[in-house]
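The chain is numbered in sequence order, starting from 1.
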Amino acid sequence: DRYLLTGNFRRDGSSRFGPANKYGNFASAAAAWNISNEKFIKLPGQISALKLRGGYGELGNQNFGDYLFQSFINPNASYVFGNALATGATTVTRVDPAIKWEATSTLNVATDWGLFNNRLLFTVEYYKRTSTGLLTNLPLPLSVGSVPSSIFTNAASTENTGLEFTLAYNKHSGDFKYNVSANLTTLKNKVLKLGGTNNPIYGAGSKTEVGRSVGELYGFITEGLFNTAADVTGHATQTGAAPGDVKFKDINGMGADGKLTGKPDGKITDDDRVYLGSAIPKFSYGFNFDFSYKNFDASIFLQGNAGNKVFNGVYHDLMIGQYSNHHTDELNFWTPTNTNTNIPRPVIYDPNGNGRFSDRFVEDGSYLKLQSAQIGYTLPVTVFGKTKVFNSFRAYISGQNLVTFSKYRGYDPDFISDGLFSRGYDIGSYPNPRSILFGVQIGF
């Protein structure tokens, strides 16, 4: 009960990889020291348990499409020979026959505390999780002739580091009993490798670059609207700009360190795009409270994220002023007599590119959600015991996804994304439903 050691080894095989890379070997080891059980160490009476622990291990992943190491043949490829159209077949997709298992290694070091006869429990843990050989599509030059113009291969490596804190307190004596627990996790994501040349990968309004986090939002910074023709001519050149259009900032380049790499050049181009925020939350947290008083019981669970940005794609599509549905904010559009607004003029085909990817549609994705709550009542045994039918009877009401506290204008800041390079783009995934349940639990 003082020294603990655990070891594990596994060998996994999957036909999703070619014969040469079908198998992957993964191992782990963990050790712990129960300091509070040592006879030669005298801890204060308030400390009822103290443990140091750490571990390192690897796991593989093969959750992607089937047989992507194998190219296929297009049987309908025609070609002209001697002024005659001849039928033929050819491969059209470039593949990497040597794709192999993704591997994720995790290092963790932690200390667990039990205070006041383990009524108060506290844990702090440092973790470092490195994923290598991530399988993804890398763009290929159109001259290669691949359809699509990308290749699926082990291209990326990323690293997640942070701290995890958990705190719990319980009271299990008397009529009033309760458990309170909370957790907080910090996360810093960093891209270590992107293919052989480390070229950036662009997603839906995002850019992934070595040295920064995955799928950072990337676009233009706005500076209000043009109100007069003089405003247009006095600003950096924007093709198609007119009074009532969005004014974009002339930045001309930003490096991976977030610093400007060039000087304004007097014209708005793609080089004026900059990082607009990380789509990965810096903090994730939760709070759980369970209590009972005599025959009543209740539980509450809250969960949230903080420190991430979201591109509101739904709001963007409703604010571009074209032949489509509009948001009511569009009613406050710019006119020569309504200049106190940030809504550009509605103009078909948008010659200035007012709807381009910019900070106009980037919002704070932080939220706190009442994820679940339940209250119940258990009938005393004296009520139904004489019937000799029921052993127990409990009625309850519970709810899921009850309330969300957030400044985000979309349906739900907790939305489904592609999970990798375009993770901060909310294109309108089905919102999480709110459910209310009534039920009884009967024991015979």
Side-chain angles (χ1 to χ4, degrees), residues 1 4 6 8 30 32 34 36-37 45-51 53 110-125 164-185 283-305 367-406 411-416 429-444:
D1 294 332
L4 301 95
T6 300
N8 179 71
N34 271 323
S36 53
N37 288 344
Q46 297 88 344
I47 302 177
S48 48
L50 176 59
K51 178 192 289 185
R53 55 183 173 86
T111 177
D112 302 321
W113 296 74
L115 305 175
F116 312 115
N117 198 26
N118 285 343
R119 180 168 292 181
L120 177 64
L121 302 174
F122 176 71
T123 296
V124 57
E125 181 169 346
E164 294 183 355
F165 303 91
T166 59
L167 182 67
Y169 184 81
N170 64 84
K171 178 182 178 294
H172 288 169
S173 60
D175 291 333
F176 185 61
K177 304 174 183 179
Y178 60 88
N179 293 288
V180 181
S181 62
N183 65 78
L184 172 68
T185 301
F283 304 96
S284 300
Y285 55 90
F287 176 82
N288 194 75
F289 181 45
D290 301 306
F291 74 90
S292 64
Y293 179 73
K294 294 184 177 179
N295 296 93
F296 288 95
D297 63 89
S299 64
I300 297 174
F301 173 58
L302 296 102
Q303 172 263 332
N305 292 329
Y367 70 89
L368 172 64
K369 180 174 293 191
L370 178 55
Q371 193 72 51
S372 64
Q374 183 177 118
I375 185 170
Y377 180 77
T378 302
L379 288 176
V381 177
T382 55
V383 174
F384 56 81
K386 296 181 180 180
T387 65
K388 298 182 180 180
V389 177
F390 302 135
N391 291 326
S392 63
F393 186 96
R394 176 178 177 267
Y396 68 90
I397 177 174
S398 67
Q400 302 287 332
N401 191 39
L402 294 172
V403 182
T404 300
F405 303 94
S406 176
Y411 285 123
D412 195 330
D414 184 19
F415 59 88
I416 298 174
S429 64
Y430 193 84
N432 296 310
R434 179 183 297 113
S435 59
I436 306 295
L437 305 175
F438 301 88
V440 294
Q441 295 172 324
I442 302 173
F444 296 95

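Side-chain N or O atoms of S299 include none that pairs as donor or acceptor with a backbone N or O of D290 at under 3.5 Å. With hydrogens and angles disregarded, a donor-acceptor distance shorter than 3.5 Å links the side chain of K171 to the backbone of S173. Using a distance-only test at 3.5 Å, with no hydrogens or angles considered, no donor-acceptor pair links the side chain of N432 to the main chain of D412.
With ring centers used as reference points, Y285 lies 6.0 Å or more from F283. For F291 and F289, the ring centers sit closer than 6.0 Å to each other.
Residue pairs meeting the salt bridge (Lys or Arg N to Asp or Glu O under 4.0 Å) criterion with at least one member in residues 435-444: none, sequence neighbours excluded.
Residues meeting the salt bridge (charged side-chain N to carboxylate O under 4.0 Å, His left out) test with R394, sequence neighbours left out: D297. For N183, there are no side-chain hydrogen bond (donor to acceptor under 3.5 Å, both in side chains) partners, not counting sequence neighbours. Applying the side-chain hydrogen bond (donor to acceptor under 3.5 Å, both in side chains) rule to Y396 yields no partners; only residues at least two apart in sequence or on another chain are considered. Scanning for side chain to side chain contact (heavy atoms under 4.5 Å, CB included) contacts around L302 gives F287, I300, L368, L370, with sequence neighbours left out.
Contact of the T404 side chain with the P413 side chain is registered, since non-hydrogen atoms from C-beta on lie closer than 4.5 Å. Residues Y169 and Y178 are in side-chain contact: their nearest non-hydrogen atoms beyond the backbone lie under 4.5 Å apart.
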Does the side chain to side chain contact (heavy atoms under 4.5 Å, CB included) test come out yes or no for Q441 and T378, once each step is laid out?
CA-CA 9 Å; Q441 295 172 324; T378 302; over 6 Å; no
Assess whether side chain to side chain contact (heavy atoms under 4.5 Å, CB included) is satisfied between L402 and I436, documenting all intermediate values.
CA-CA 8 Å; L402 294 172; I436 306 295; 3.6 Å; yes
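Side-chain N/O atoms of N37 and D1 include no donor and acceptor closer than 3.5 Å.
To the nearest 0.5 Å, atom CZ of residue F301 and atom CD of residue Q400 are 10.0 Å apart. With values rounded to the nearest 0.5 angstrom, N401 atom CG is found 6.0 Å from Q371 atom CD. With rounding to the nearest 0.5 angstrom, the CG atom of N305 is 4.0 Å from the OG atom of S284. To the nearest 0.5 angstrom, S372 atom OG is 7.0 Å from N288 atom CG. With rounding to the nearest 0.5 Å, the separation of OH in Y377 from CG in N295 is 4.5 Å.
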Let me check something: any side-chain donor-acceptor pairs from residues 115-125 under 3.5 Å, sequence neighbours excluded? List them with distances.
{"residue": "N118", "atom": "OD1", "partner": "S48", "partner atom": "OG", "Å": "2.9"}
{"residue": "T123", "atom": "OG1", "partner": "D112", "partner atom": "OD1", "Å": "2.9"}
{"residue": "E125", "atom": "OE1", "partner": "R53", "partner atom": "NH2", "Å": "3.4"}
{"residue": "E125", "atom": "OE2", "partner": "N108", "partner atom": "ND2", "Å": "3.0"}

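Across Y367 and Q303, no two heavy atoms sit closer than the pair OH-NE2, 2.9 Å.
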